[in-house]
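Single-structure report; data block below.
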Amino acid sequence: MADIIDEAMAAIALTEGAEVAAIRSKLSRPGCSICENCGELIPAARRKLLPSVTTCVTCQEIVEFRERTGQKL
C-alpha cells in the first residue's frame, strides 16, 4: 500500500512541478499581449493593470462564470 501512495505522491509532485514551470514561463514573457485561449489581443490597459494576465477580458469572464456555476473547463 505504501508503494502506491509513494507513486501517487511522486506523480503529484511531477504534475505540480510542470504546472509551476509553465506558469513561470508565461510570467517570464514580458509584454505578452495575446490571449492564451482565443489568440486575440489583450488590451494594453489590462496588461498594465495585471502584468501577469494571460487571457483577454472575454475569456476571463467565461472562466469565472464556469467556476461560479460549477461547469467544467
*Identify, with sequence neighbours excluded, every residue that meets side-chain hydrogen bond (donor to acceptor under 3.5 Å, both in side chains) alongside Glu64.*
Gln60
Hey, can you pull the donor-acceptor pairs under 3.5 Å for the side chains in residues 37-46, sequence neighbours left out?
| residue | atom | partner | partner atom | Å |
| --- | --- | --- | --- | --- |
| Arg46 | NE | Thr55 | O | 2.9 |
| Arg46 | NH2 | Thr55 | O | 3.3 |

*Between Phe65 and Val63, is there a shared hydrophobic cluster once you connect ILVMFWY residues whose side-chain heavy atoms come closer than 4.5 Å?*
no
*Quick one: pull up CD in Glu36 and SG in Cys56 and give me the separation to the nearest 0.5 Å.*
10.0 Å
